[in-house]
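These notes concern the structure reproduced below.
Residue numbering restarts at 1 for every chain, and letters A, B, ... go by the order of the sequence lines.
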There are 2 protein chains.
Amino acid sequence: MKKDQKIIHPKGCPHQLRAIKDTMELLSGKWKFQIIGTLILSGATRFMELKRALDGIAPKKLSKDLQELEINQLITRTVKDTKPITVEYAITEHGRTLDKLINEITEWGLTHRKEIIK
Amino acid sequence: MKKDQKIIHPKGCPHQLRAIKDTMELLSGKWKFQIIGTLILSGATRFMELKRALDGIAPKKLSKDLQELEINQLITRTVKDTKPITVEYAITEHGRTLDKLINEITEWGLTHRKEIIK
DNA sequence: TAAATTGGTTTCCTTTAGGAAACTAGTTTC
DNA sequence: GAAACTAGTTTCCTAAAGGAAACCAATTTA
């Protein structure tokens with residue numbers, strides 16, 4: 001192939017790739033999508049309930065991920081005036097925009113599992 | 001709250017969470033969705049083209065991620081009998097099932113960027 | 001009074017992710 | 001013959017992710 005052959009349609013789609021990168025910077029990792037998924041599916045959930053739902057997560061990890069999600073305005077943290085005090089985590093309006101994405105991730109996981117069993 | 005108050009709808013949705021986990025085990029990380037996105041958007045692409053499209057990726061990392069994606073049957077690797085030889089990576093039929101997911105990730109990234117600018 | 005539950009934090013540790021730079025080998029162009 | 005391009009590999013390194021266990025203060029139940 002000649003060196004200076006012009007590529008008419010240069011590969012790479014900077015806008016889309018940047019968008020993918022943005023999303024994954026916030027949400028990649030082992031637990032974040034599972035946390036959001038739980039809050040979407042189950043509604044407002046307390047710390048210990050989350051810990052039980054997310055089988056195997058360490059409290060330190062759960063605490064850290066929840067803080068990051070809160071900072072990014074995807075969830076809220078509310079201290080309830082109960083005895084003993086409980087803390088409730090809930091999805092925000094902005095977090096709700098992840099509904100379809102979480103759905104696709106879940107669907108694809110199911111599809112893929114079926115595919116590799118074959 | 002009484003200790004033994006029965007929770008009618010126990011929190012946690014094991015099936016969905018397992019599916020999310022499955023997906024993210026294959027695809028979380030900095031580059032995999034970007035690689036798949038490029039192959040979906042641009043069609044079959046050579047190693048060096050991918051390297052250029054994925055701004056900043058190290059050849060070692062690209063090589064490793066491509067191998068993992070191939071092992072999971074999401075992409076194919078084809079050595080072309082050109083001079084010099086070129087290697088073309090392409091999305092598989094199974095990889096195509098990620099179309100909607102990639103789309104959602106991209107859309108959400110754009111949405112989120114607009115949201116946080118506000 | 002002892003044990004358990006609340007929502008975490010602290011410390012220590014191992015594993016994985018990821019990047020920089022140098023290098024390889026075959027081919028081809030200058 | 002020198003340089004450049006093909007597609008990687010190798011080595012070395014740092015930073016981040018993640019887990020285990022212990023601990024904490026306040027409250028409540030047994």
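Counting heavy atoms from C-beta on, the side chains of B:I102 and B:F33 come closer than 4.5 Å. Between A:L66 and A:L50 there is a side-chain heavy-atom pair separated by less than 4.5 Å. Between A:S42 and A:T45 there is a side-chain heavy-atom pair separated by less than 4.5 Å. Taking 4.5 Å as the limit, every side-chain heavy atom of A:L26 sits out of range of all side-chain heavy atoms of A:L69. Using a 4.5 Å cut-off on side-chain heavy atoms (C-beta onward), B:V87 and B:R77 make contact.
When the C1' atom of C:dT9 is taken as reference, atom CG of A:D65 falls 16 Å away, rounded to whole Å. The distance from atom CZ of B:R46 to atom P of D:dT6 is 6 Å, rounded to the nearest whole Å. Between the C1' atom of C:dT5 and the NZ atom of A:K51 lies a distance of 12 Å, rounded to the nearest Å. Put simply, CD1 on A:I85 is 14 Å from C1' on D:dT28, counting in whole angstrom units. Atom pair B:K61:NZ and D:dG8:P shows a separation of 16 Å (rounding to whole Å applied). B:F47 places its CZ atom 18 Å from the P atom of C:dT24, with the value rounded to the nearest Å. For B:L62 and D:dT6, the CG to P distance is 13 Å, given to the nearest whole Å.
Listed nucleotides D:dA7, C:dT9, D:dT28 differ in distance to B:V87; the shortest reach to its side chain belongs to D:dA7.
Using a cutoff of 4.0 Å between basic side-chain nitrogens and carboxylate oxygens, B:K100 and A:E104 are scored as salt-bridged. The residues B:R46 and B:E88 are annotated as not salt-bridged, no charged nitrogen and carboxylate oxygen being separated by less than 4.0 angstrom.
Across A:R113, A:K114, A:K30, a single residue satisfies salt bridge (charged side-chain N to carboxylate O under 4.0 Å, His left out) together with B:D22, and that is A:R113.
Taking every heavy atom of residues 23-34 of chain A and every atom of DNA chain D, pairs under 4.0 Å involve A:G29, A:K30, A:W31, by number. Taking a 4.0 Å limit (strictly below) on heavy-atom distances, residues 72-82 of chain A reaches DNA chain C at A:R77.
Formation of a donor-acceptor pair under 3.5 Å by the B:T23 side chain with backbone atoms of B:A19 is found in this model. Side-chain atoms of A:S63 do not come within 3.5 Å of backbone N or O of A:P59 as any donor-acceptor pair.
Between A:F47 and A:Y89, the ring-plane angle classifies as tilted under the 30° and 60° cut-offs.
Remark on DNA chain C: of its neighbouring residues A:T86 and B:I57, the 5'-side contact belongs to A:T86, judged by nearest-heavy-atom nucleotide.
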Polar atom pairs (N or O), protein with nucleotides 12-16 of chain D, under 3.5 Å:
{"from": "D:dC12", "atom 1": "N4", "to": "B:K60", "atom 2": "NZ", "distance (Å)": "3.3"}

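Distances shorter than 4.0 Å separate none of the side-chain N or O atoms of A:Q67 from OP1 or OP2 on C:dG7. When the side-chain nitrogen and oxygen atoms of B:R52 are compared with OP1 and OP2 of D:dA7, none of them lie within a distance under 4.0 Å.
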